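In what follows, a single structure is set out as structure tokens and then discussed.
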Amino acid sequence: QVQLVESGGGLVQAGGSLRLSCAASGRTFSSYTMGWFRQAPGKEREFVAAITQSGRSIRYADSVKGRFTISRDNAKNTVYLQMNNLKPEDTAVYYCASSNSWRVVITTTSFDSWGQGTQVTVSS
């Protein structure tokens with residue numbers, strides 16, 4: 001099982017940008033589909049973005065399409081989430097997760113390992 005540690009969260013004004021990173025332990029990072037999810041207070045955890053092992057297949061939630069970019073560096077065992085034009089409704093704890101699927105998957109049950117999360121707060 002892979003261990004995941006997120007970083008890069010913080011407080012930013014609306015319209016600003018943040019880049020989240022998720023560092024994975026182990027030598028098999030390149031065999032996992034990776035995803036980002038978020039959970040706002042009182043709400044269920046929701047899908048944000050996912051990327052397959054090679055990076056060829058990527059999928060975004062409609063709410064972040066055109067503003068967020070997911071990428072990965074298999075040599076560094078790291079997946080990133082570049083977040084631009086942030087909105088107050090993007091405020092949440094952001095989690096990265098890994099999946100053994102070879103396809104892009106978007107449900108929480110498709111992911112096996114989770115990080116501890118990093119807080120993103122967007123002020124208006």
Side-chain angles (χ1 to χ4, degrees):
Q1 202 171 20
V2 64
Q3 303 297 317
L4 304 170
V5 179
E6 303 96 335
S7 62
L11 173 64
V12 64
Q13 289 187 332
S17 298
L18 284 174
R19 188 195 196 200
L20 305 184
S21 299
C22 174
S25 64
R27 295 173 293 178
T28 59
F29 174 77
S30 61
S31 68
Y32 295 103
T33 283
M34 299 299 296
W36 285 96
F37 289 77
R38 66 187 182 186
Q39 188 166 18
K43 295 188 177 181
E44 293 187 353
R45 192 168 297 188
E46 66 174 3
F47 169 77
V48 174
I51 184 170
T52 53
Q53 290 79 352
S54 65
R56 291 179 181 177
S57 294
I58 290 174
R59 188 162 173 183
Y60 297 98
D62 288 342
S63 59
V64 308
K65 206 172 291 183
R67 300 187 298 122
F68 290 10
T69 303
I70 188 172
S71 62
R72 65 189 296 161
D73 185 336
N74 287 340
K76 295 183 178 180
N77 283 8
T78 301
V79 62
Y80 304 97
L81 185 68
Q82 177 66 44
M83 305 185 295
N84 297 329
N85 191 21
L86 282 161
K87 303 176 180 180
E89 52 263 42
D90 294 318
T91 296
V93 177
Y94 283 71
Y95 299 89
C96 73
S98 65
S99 169
N100 291 310
S101 173
W102 287 91
R103 300 176 294 110
V104 172
V105 286
I106 66 171
T107 60
T108 56
T109 54
S110 298
F111 289 82
D112 311 296
S113 296
W114 295 81
Q116 84 288 349
T118 186
Q119 177 70 47
V120 171
T121 303
V122 184
S123 62
S124 57

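Index from 1, following the sequence. The structure presented is a predicted model; accordingly, all values stated were derived computationally and were not measured.
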- For R67, salt bridge (charged side-chain N to carboxylate O under 4.0 Å, His left out) partners two or more places apart: D90
- Message: Restricting to salt bridge (charged side-chain N to carboxylate O under 4.0 Å, His left out), what partner residues turn up for E89, sequence neighbours left out?
- Response: none
- Would you list the pairs meeting salt bridge (Lys or Arg N to Asp or Glu O under 4.0 Å) in which at least one residue belongs to residues 50-62, sequence neighbours left out? D62-K65
- Query: Is there a side-chain contact between V79 and I70 (heavy atoms, below 4.5 Å)?
  - Reply: yes
- Task: Specify the closest pair of heavy atoms between S98 and V2, including all atoms of both residues, with the distance to one decimal.
- Result: OG-CG1, 3.0 Å
- Query: Can you name the one residue among V93, L20, T91 that meets side-chain contact (heavy atoms from CB on, under 4.5 Å) with V120?
  - Reply: L20
- The side chain to side chain contact (heavy atoms under 4.5 Å, CB included) partners of E44 (sequence neighbours excluded) come to none
- Query: salt bridge (Lys or Arg N to Asp or Glu O under 4.0 Å): which pairs involve residues 106-124, sequence neighbours left out?
  - Reply: none
- Query: Are there more than 12 heavy atoms of other residues, nucleotides or ligands under 6.0 Å from atom CD of Q116?
  - Reply: yes
- By side chain to side chain contact (heavy atoms under 4.5 Å, CB included), N74 pairs with (sequence neighbours left out) F29, S30, R72
- Transitive ILVMFWY cluster of W102, excluding itself - 4.5 Å side-chain cut-off: none
- Query: Is S57 close to R103 at the side-chain level, that is, under 4.5 Å between some pair of heavy atoms?
  - Reply: no
- In chain order, what residues pass the salt bridge (charged side-chain N to carboxylate O under 4.0 Å, His left out) check against K43, with sequence neighbours excluded? none
- Message: Is there a path of hydrophobic side-chain contacts, each under 4.5 Å between heavy atoms, that joins W36 and F47?
- Response: no
- Task: List the atom of A92, the atom of R38, and the distance in Å for their closest heavy-atom pair.
- Result: CB-CB, 3.8 Å
- Item | Nearest atoms (heavy-atom pairs only) where T78 meets S21 | CG2-CB, 4.3 Å
- Message: Show me the pairs that pass disulfide (SG to SG under 2.5 Å) and involve residues 7-119, at least two apart or across chains.
- Response: C22-C96
- ring-ring contact (aromatic ring centres under 6.0 Å, His included): pairs with one or both residues in residues 104-124, sequence neighbours excluded: F37-F111, F37-W114
- Residue pairs fulfilling ring-ring contact (aromatic ring centres under 6.0 Å, His included) with at least one residue in residues 58-98, sequence neighbours excluded: none
- Task: Scan for disulfide (SG to SG under 2.5 Å) pairs involving residues 56-91, sequence neighbours excluded, and state none if there are none.
- Result: none
